[in-house]
Amino acid sequence: MKAVDSNLLDLLKKSERFVVPIYQRVYSWGKDECQQLWKDIMRAGSREALANHFTGSIVYIERDQGSNTAKEPDLLIDGQQRVTTVTLVLSALASYLETRPKEQQEPIAGFSPQKIRGKYLTNEYEEGDEYFKLTLTHRDRDALQRVVQGLDPIDESSRVTANFRYFVDQIGALDESGVKELCEGLNKLVVVDVKLTRKQDDPQLVFESMNATGKKLSQADLIRNFVLMDVPQRLQARLYKDYWFPMERVFAECDERRFDEFVRHYLTMKTKKIPRLDDVYEAYKEFAFTQDSSSDAWKEKLVADLYTYSTYFAAMAFGRERDQQLAQRFSEMEQLATVAYPFQLRVYADYEARILGHGEFVTILDALISYLFRRNICKIPTNSLNKTFNTLVSRVNPNDYVNSVLGYLLSLTDYRRFPADQEFIEKLENEDVYFSQKKNYLLHKLENCDSKEVVPTSHYTVEHIMPQTLTEEWKHELGDNWEAIHRYFLHTLGNVTLTGYNPEYSNRSFLEKRDMEGGFAQSPLRLNLSLRNAVSWGQEQMEARASELSAKAVQLWAYPLVEDGVIERYSNFDRSSFDWSTAHSILEVLPYGAWTNYQELAEAVGTGPQAMAYHLTNHAGCVNAYRVLTWEGRVSEGFRWADDRDTRDPLDVLVEDGVRLVDGVADADQRLNSAELLALLGEEGE
């Protein structure tokens, strides 16, 4: 096997034929992939400082030398999507240039219609399939051959036809300089040319190992290729040794699956936009091209900055922080949520730059922990948290760091609020904390409250003091109202504790649990101190214990205290600067037959329903805005089309889009809630 970096056009020119084996999947790129390739080509062509643009790998089985009468093609094992799409761009470009006056048909050297078709698309002196440099599987073969020959496409069911027409439209909209940039961009496309030896590598097995198992280049692989490909070999080796390999090694040792997550948090912090996890590579390229690429050190600055922030992430997420006060708080943050990492990365960088002191860092982390945990206990939806912390990144005042953070958090309202003590206590004492995902964290913290000698609680299990199954003795002890008491208090904070004797306790009476070997009276755990001398266990005792523990919890997860005026100073919310891009992205990918309402969409993106309704009504660029309805599923009375000349009935359009209506009300089963909307973008609250 040989793998080298190659110019894609040179590869097409030198290769007589590529044939996609019949066991390959059909050509499947859609408009999104074509738009991305087009953007990459035009961006590469418009940047003189960019020598080339990496666009993936081409893997093929090289042909036999054969005989004069029996030439075999190269079998294209991986990369048919990009090779086919570039072929469509070249075909569309050749067709366009043929419509221009003779003297204008070669915008730059080597890009006349005849040269494009003769060098990259066809073998001039061959016939039949041998005439074409690329042959697809049967389903798309004829469609591709027609456009390569400059004939009108006729197979409307093939993506080849749709994508060819897309590129025809794109090229037709270019001016003369744009056409030149397109040619320059095509000239800069670079691939990893992976050539396998026929009769030594079975193409079927190679295909199965690379594709059928779903094994693809990871986002990390793609980003590595992007930052290291277009640099001199000596610099490439140094960048890999000094930056990429140390970063790669840390993630390999800890959890390489989290690299994509880290880059997503990094980009969110840098760009104030939240990319989908599957689109991290494309988002990273977008970010990279906004940086100054005129310097020879462009790529080094990119990879060095990524490496630096990866060390911050490793300190927080992988337990590599040496400062114990910070490490303990990072561990708690990791247990509570990961959506705060864009903000944490910003704060850690400022801490390292000495913009923020150690004590201030601790204060901010404590506030974040309290904010996240109180919201969890109060069962406030987490869908908007990523937007909250994304906004917080840009709300920091470096000259008043702590106040700006606390003031903003405490100013939040509704589903973004920081629960106050009364709400937190009420939920702690009355909700079924046993079913909380954070119950072990809660009990561990309560156990170790105000102690320097931390008791590891991971090997203990959660015990119901009043058991889940009541014996007659328990019913007698609880009294006449035993059924209601059991139903209400069973899973609440006052009735749960930690023990190493869960099987032995079973559903024994309280006194047996207290006095038996290993019972509550002998327990070394602080959580069980109030049980040692208790003589009975009923509603009064459970309420008293819940009150005692909630009082500790209010101290452990404290509500931040700020001076007068701080909240007002940092509570201003400029709606004109709100980032509506997530709402637009959600609406663009609403599936057929689905609708949502203003409340759910607003919650998903971190704003209010009235603000959302106002934006959709007044922003002409909102796709599918008519599929955002009122709470009960009706078209809003204030709805209007962006184009005043549009006279369509929105109800008719909804039906065309698969929404079921009864008396003008949309079917509730087709409504998507905030979590489902975010899932369309691959996002979650935590």
Side-chain angles (χ1 to χ4, degrees), residues 28-40 42-43 85 159 162-163 165-167 169-170 173 264 267-268 271-287 383-384 386-387 390 575 578-609 611-630 633 635-636 639-643 646 648 650-659 666 670-685:
S28 59
W29 269 19
K31 186 177 179 180
D32 289 345
E33 291 85 0
C34 290
Q35 285 178 333
Q36 187 61 54
L37 178 66
W38 177 263
K39 186 186 299 184
D40 288 344
M42 297 303 296
R43 183 163 49 199
T85 310
R159 285 192 178 273
N163 292 347
R165 287 184 170 147
Y166 168 78
F167 290 122
D169 291 342
Q170 295 299 112
R264 186 192 193 200
L267 291 172
T268 301
T271 68
K272 311 301 184 292
K273 297 179 181 178
I274 308 171
R276 292 179 60 187
L277 203 56
D278 291 340
D279 294 335
V280 163
Y281 168 58
E282 296 298 341
Y284 184 79
K285 284 196 302 181
E286 290 280 352
F287 162 71
N383 302 323
S384 64
N386 50 5
K387 299 290 291 185
N390 185 21
R575 293 197 181 278
F578 185 78
D579 180 10
W580 295 99
S581 61
T582 300
H584 297 169
S585 297
I586 288 173
L587 291 176
E588 287 174 4
V589 297
L590 274 180
Y592 179 80
W595 64 278
T596 189
N597 57 43
Y598 297 105
Q599 290 86 347
E600 297 291 354
L601 183 57
E603 182 174 325
V605 303
T607 186
M612 177 60 68
Y614 180 84
H615 177 75
L616 296 183
T617 301
N618 293 279
H619 185 76
C622 291
V623 178
N624 290 328
Y626 60 89
R627 289 165 73 180
V628 184
L629 307 176
T630 63
V635 176
S636 170
F639 173 81
R640 64 175 183 270
W641 296 107
D643 186 346
D646 195 334
R648 292 175 299 167
L651 293 178
D652 293 339
V653 182
L654 286 169
V655 172
E656 290 175 5
D657 281 0
V659 177
Q670 294 179 299
R671 184 184 67 222
L672 299 183
N673 61 33
S674 58
E676 292 167 329
L677 293 173
L678 287 172
L680 296 175
L681 302 182
E683 296 183 7
E684 299 176 355

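Side-chain atoms are counted along with the backbone in the values below, which use heavy atoms only and exclude waters and symmetry mates.
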Original post:
Do you see a donor-acceptor pair shorter than 3.5 Å between the side chains of Asp32 and Gln36?
Top reply: no

**OP:** Please answer whether the main-chain N or O of Val280 pairs with a side-chain N or O of Arg264 as donor and acceptor at a distance below 3.5 Å.
**Re:**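 Flag not set: sc Arg264 to bb Val280 has no pair under 3.5 Å.
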
**OP:** Without swapping roles, check the side chain of Glu282 against the backbone of Pro275 for a donor-acceptor pair under 3.5 Å.
**Re:** no

Could you grab the distance from atom [atom1] of [X] to atom [atom2] of [Y], nearest 0.5 Å is fine?
| X | Y | atom1 | atom2 | value |
| --- | --- | --- | --- | --- |
| Asn163 | Trp38 | CG | CH2 | 13.0 Å |
| Arg648 | Glu656 | CZ | CD | 7.5 Å |
| Arg159 | Cys34 | CZ | SG | 9.0 Å |
| Met42 | Gln170 | CE | CD | 9.0 Å |
| Thr268 | Asn386 | OG1 | CG | 8.0 Å |
| Asp279 | Ile274 | CG | CD1 | 13.5 Å |

Would you say [X] and [Y] make side-chain contact, with heavy atoms under 4.5 Å?
| X | Y | answer |
| --- | --- | --- |
| Asp657 | Arg627 | yes |
| Met612 | Val605 | yes |
| Leu629 | Val635 | yes |
| Lys31 | Gln35 | yes |
| Lys273 | Leu267 | no |
| Glu600 | Glu676 | no |

**OP:** For the pair Trp641 and Phe639, name the ring-plane relationship: parallel under 30°, tilted 30 to 60°, perpendicular over 60°.
**Re:**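 Rings of Trp641 and Phe639: perpendicular, as their planes differ by over 60°.
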
Between side-chain atoms of residues 583-593 and protein atoms elsewhere (two or more places apart, or another chain), which donor-acceptor pairs fall under 3.5 Å?
unit_1: His584; atom_1: NE2; unit_2: His615; atom_2: NE2; d: 2.9
unit_1: Ser585; atom_1: OG; unit_2: Ser581; atom_2: O; d: 3.0

**OP:** Would you name the heavy atoms of Lys387 and Ala604 that are closest together and state the gap between them?
**Re:**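 Taking Lys387 first and Ala604 second, the nearest heavy atoms are CG-O, 4.3 Å.
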
Original post:
Which heavy atom of Asn597 sits nearest a heavy atom of Thr630, and at what distance?
Top reply: CB-O, 3.4 Å

Original post:
Given the rule in the side-chain contact (heavy atoms from CB on, under 4.5 Å) test, do Glu286 and Thr271 qualify, once you have shown the distances and angles that lead to the verdict?
Top reply: CA-CA 10 Å; Glu286 290 280 352; Thr271 68; over 6 Å; no

